[in-house]
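First the structure, then my questions, so here it is.
Order of listing sets the numbers, starting from 1, for every ligand and every atom in it.
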Amino acid sequence: MTSLDLALAGFRSALGHEHVLTDADMVAGYVRDWTGRWTGHTRAVVRPGSVEEVQQVVGICGEHFLPLVPQGGNTGLVGGSIPHHGEVVLSLRRLDRIGPVDERLREVTVDAGVTVGALQTHARRVGLRYGVDLASRDSATVGGTIATNAGGMNVVANGDTRRQVLGLQVVLADGTVASRLGGLSKQSTGPDPFQLMVGSEGTLGIITAARLRLLSRLESEPMVILVGVETLSEGLGLLGAESHALEFFDRACLEAVIEHRKLSRPLLADHPFYVLVETTSPPGVPETLEAVVDRRLWAYRESITETVNQAGVPVKLDVAVPLGRVDDFAAAVAGLRLEGQVYLYGHLAEGNFHLNVVGNPDPEMVVDEVLGIVIGLDGVIASEHGIGVAKAVWWRRSTDPATLTVQHRIKEAFDPGRILNPEVFWGG
Ligand code: FAD
Ligand code: MLT
Ligand code: ZN
């Protein structure tokens with residue numbers, strides 16, 4: 001019997017045969033990413049149903065030196081949830097229990113495999129809200145969003161995923177469980193290993209549950225306004241203290257979404273950029289700007305990712321620049337005259353740009369040219385999707401040596417055997 005045979009036998013005995021998938025048909029959805037840019041292969045997909053079963057899987061992987069890739073909803077956009085070199089896929093989707101909401105403290109404990117959409121519905125039932133929202137809400141999981149420190153539409157009002165996390169339960173690389181689900185919002189007990197899990201993309205531990213902060217209901221129903229602008233800095237001028245979202249997209253996105261979703265044209269005139277504001281207090285939109293108010297306007301923004309994907313496999317960049325440089329970035333990208341169809345959209349309030357290119361024959365060149373501009377503008381090469389494998393080389397190239405050394409030591413401390421998602425950050 002090979003070591004792999006022994007490991008598979010161990011998985012089956014721990015989880016039951018039906019939760020250890022090896023047939024090509026059965027694993028297909030786990031080895032290909034949402035965009036179709038990355039397809040890998042796997043020795044097995046394992047689907048534990050409890051933290052104890054996660055421990056057993058990790059223990060078996062450690063014993064047989066089998067690297068593994070944690071996977072939630074597989075909506076990640078940087079290739080981090082895909083087994084690139086035959087790693088075992090550890091799917092967390094069966095960990096889907098949602099605990100009762102503590103309405104007084106406005107907190108809840110949920111399993112890692114609960115989707116963001118299910119959590120939002122759960123919170124709404126008791127008149128509360130979860131602070132993170134993103135178009136992948138019905139597939140993206142709590143564990144995946146914590147592992148990537150996902151941003152989304154409401155960062156301007158509620159902060160990123162990190163801001164919602166009060167505590168975690170994590171299975172470590174040696175199979176032990178570290179847990180802090182008590183919900184204490186303030187602690188002064190030394191360096192916090194749980195905070196390191198946020199944004200670690202499955203490389204430091206397996207998140208199995210989280211204690212999360214919920215928000216109180218809004219005083220009034222927010223309004224949604226779409227404004228046509230000439231420049232993005234004009235759009236930033238629409239940001240107010242009561243804004244819950246400030247998003248933008250360019251003309252190419254609007255045209256593609258109208259065509260793909262068969263939507264009507266929202267504004268009479270054509271504009272280089274469109275800014276969507278969600279707010280409980282109407283911003284003073286200058287009379288010179290064309291604007292329309294309607295909650296259904298979100299469809300234009302939220303349909304972009306799906307629309308771009310049906311046009312072809314995109315090169316996806318997710319960057320941010322200082323707010324004072326947003327026009328410089330847009331102009332510099334236009335100046336590249338990239339081959340293929342370019343789509344520009346993002347979370348304007350954070351200086352975030354999702355630059356997607358479909359039909360370019362040299363994706364690496366696109367990445368190099370755009371990230372070069374970002375670094376030149378003092379921006380960041382990964383704003384909310386993470387590093388994964390897509391940005392690994394650039395991350396190492398653009399991070400100062402002292403920081404890289406610390407990151408390396410953290411990885412060594414948490415995962416000396418390098419079984420946890422070894423390609424992310426350090427591969428490529
Ligand atoms: P996966 O894709 O399964 O995994 C992502 C990473 O997290 C991988 O490295 C994986 O190994 C790790 N991981 C997953 N679960 C765990 C766990 N339990 N423990 C440890 N590591 C784990 N992202 C944004 O930030 N903002 C957006 O607005 C946004 N919009 C999107 C819209 C669409 C239509 C799509 C398809 C994606 C969007 N994304 C967005 C990207 C994606 O949804 C997020 O990155 C999300 O956080 C991924 O969650 P997931 O459960 O699908 O994780
Ligand atoms: C978005 O803001 O729409 C998402 O991050 C997904 C994407 O980048 O396409
Ligand atoms: Zn985004």
Side-chain angles (χ1 to χ4, degrees), residues 29-30 33-36 38 48 51 54 58 68-84 87 89-93 95 110-117 132-155 160-161 168-173 197-210 245 247-249 253 257 276 298 301-309 314 316-320 343-348 350 352-356 382-390 392 420-425:
Y30 297 87
D33 85 310
W34 198 89
T35 65
W38 286 279
V51 63
V54 174
V58 173
L68 63 88
V69 174
Q71 191 181 93
N74 197 16
T75 65
L77 297 171
V78 289
S81 52
I82 298 304
H84 295 275
E87 297 91 332
V89 175
L90 195 172
S91 169
L92 279 307
R93 290 302 310 276
L95 265 61
V110 300
D111 278 359
V114 169
T115 65
V116 170
V132 174
D133 192 22
L134 64 185
S136 53
R137 61 183 74 80
D138 292 330
S139 302
T141 61
V142 163
T145 50
I146 294 172
T148 56
N149 188 25
M153 312 293 182
N154 300 133
V155 174
D160 54 16
T161 298
L168 294 176
Q169 181 190 64
V170 180
V171 173
L172 299 168
M197 294 295 155
V198 184
S200 66
E201 300 185 47
T203 63
L204 301 183
I206 316 291
I207 298 160
T208 46
E247 301 283 315
F248 88 95
F249 44 91
C253 294
V257 165
L276 185 149
W298 268 115
R301 170 65 181 91
E302 291 209 334
S303 306
I304 297 172
T305 309
E306 163 202 318
T307 301
V308 169
N309 236 49
K316 291 184 88 76
L317 287 148
D318 155 50
V319 302
Y343 303 90
L344 207 55
Y345 56 102
H347 312 289
L348 183 57
E350 289 86 54
N352 164 272
F353 287 84
H354 294 312
L355 184 139
N356 287 209
S383 170
E384 58 169 8
H385 297 162
I387 299 296
V389 297
L420 300 179
N421 223 353
E423 286 303 301
V424 165
F425 296 116

Which of the ligand 1 atoms, numbered from 1, are nearer than 4.0 Å to a heavy atom of Gln71 | 3 (O)
Under 6.0 Å between the ring centres of Phe248 and Phe353?
-> yes
Considering only heavy atoms, which of Thr75, Asp33, Leu204 lies nearest to atom 37 (C) of ligand 1?
-> Thr75
From Leu168 atom CG to Ile206 atom CD1, the distance as rounded to the nearest 0.5 Å = 12.5 Å
Atoms of ligand 1, numbered as shown, that sit under 4.0 Å from any heavy atom of Leu92 | 18 (N)
Atom name of the N, O or S atom of Glu384 nearest to the Zn ion (ligand 3) is OE2
In ligand 1, which numbered atoms sit nearer than 4.0 Å to a non-hydrogen atom of Gly205?
-> 20 (C)
For the pair Glu384 and Asp160, evaluate side chain to side chain contact (heavy atoms under 4.5 Å, CB included) and give the outcome as yes or no after the intermediate values.
-> CA-CA 9 Å; Glu384 58 169 8; Asp160 54 16; over 6 Å; no
Trace of the side-chain hydrogen bond (donor to acceptor under 3.5 Å, both in side chains) decision for Gln169 with Thr208 | CA-CA 6 Å; Gln169 181 190 64; Thr208 46; 2.8 Å; yes
Which is closest to atom 47 (O) of ligand 1 by heavy-atom distance: Thr161, Leu90, Thr148?
-> Thr148
In terms of atom number and element, which parts of ligand 1 are under 4.0 angstrom from non-hydrogen atoms of Gly202?
-> 20 (C), 21 (N)
Of the protein's non-hydrogen atoms, which lies at the shortest distance from atom 38 (C) of ligand 1, and what is that distance?
-> Ser136 OG, 3.5 Å
What residue and heavy atom of the protein are closest to atom 11 (O) of ligand 1, and at what distance?
-> Pro70 O, 2.6 Å
Name of the His354 atom (N/O/S only) found closest to the Zn ion (ligand 3) = NE2
Is it the side chain (CB and beyond), the backbone, both or neither of Thr305 that lies under 4.0 Å from ligand 1, heavy atoms counted?
-> side chain
The atoms of ligand 1 lying under 4.0 Å from a heavy atom of His385, numbered in the order shown, are 23 (N), 24 (C), 25 (O), 40 (C)
Below 3.5 angstrom, do we get any N/O pair linking Gly73 and ligand 1?
-> yes
Between Asp138 and Thr115, is a side-chain hydrogen bond (donor to acceptor under 3.5 Å, both in side chains) present by the stated rule, with each step listed?
-> CA-CA 6 Å; Asp138 292 330; Thr115 65; 5.4 Å; no
Within a distance under 4.0 Å of any heavy atom of Asn421, pick out the atoms of ligand 1 and give their elements.
-> 9 (O), 11 (O)
Nearest protein heavy atom to atom 28 (O) of ligand 1, by residue and atom, and its distance?
-> Gly152 CA, 3.4 Å
For ligand 1, find out whether one of its N or O atoms is nearer than 3.5 Å to an N or O atom of Leu77.
-> no
Distance to 0.1 Å, residue and atom name: give those for the protein heavy atom nearest to atom 2 (O) of ligand 1.
-> Gly76 N, 2.7 Å
Can you find an N or O of Gly80 that's nearer than 3.5 Å to an N or O of ligand 1?
-> yes
Spacing of CG belonging to Leu317 relative to CG belonging to Leu77, to within rounding of 0.5 Å = 11.5 Å
Which N, O or S atom name in His347 marks its closest approach to the Zn ion (ligand 3)?
-> NE2
Without swapping roles, check the side chain of Asp318 against the backbone of Ser383 for a donor-acceptor pair under 3.5 Å.
-> yes
Below 3.5 Å only, please: the N or O atoms of ligand 2 paired with protein N or O atoms, distance on each line.
from     : atom 1 : to     : atom 2 : distance (Å)
ligand 2 : 2 (O)  : Arg301 : NH2    : 2.7
ligand 2 : 2 (O)  : His347 : NE2    : 3.0
ligand 2 : 2 (O)  : His354 : NE2    : 3.1
ligand 2 : 3 (O)  : Arg301 : NH1    : 3.0
ligand 2 : 3 (O)  : Arg301 : NH2    : 3.4
ligand 2 : 3 (O)  : Thr305 : OG1    : 3.3
ligand 2 : 5 (O)  : His354 : NE2    : 3.0
ligand 2 : 5 (O)  : Glu384 : OE2    : 3.0
ligand 2 : 5 (O)  : His385 : NE2    : 2.7
ligand 2 : 8 (O)  : His354 : ND1    : 3.4
ligand 2 : 9 (O)  : Thr305 : OG1    : 2.8
ligand 2 : 9 (O)  : Lys316 : NZ     : 2.9
ligand 2 : 9 (O)  : Tyr345 : OH     : 2.5

Heteroatom proximity flag, Ile207 to ligand 1, N/O under 3.5 Å | yes
Once the angle between the rings of His84 and Trp38 is folded into 0 to 90°, is it parallel (under 30°), tilted (30 to 60°) or perpendicular (over 60°)?
-> perpendicular
Can you list the ligand 1 atoms lying under 4.0 Å from a non-hydrogen atom of Ala150?
-> 25 (O), 47 (O)
Note: His347, heavy atoms under 4.0 Å from ligand 1, region reported as side chain
NZ (Lys316) and CH2 (Trp34) are apart, to the nearest 0.5 Å, by 7.0 Å
So, is Thr141 polar-close to ligand 1, with some N/O to N/O distance under 3.5 Å?
-> yes
For atom 12 (C) of ligand 1, which of Gly199, Ala147, Ser200 has the closest heavy atom?
-> Ala147
Atoms of ligand 1 less than 4.0 Å from Asn74 heavy atoms?
-> 1 (P), 2 (O), 3 (O), 52 (O)
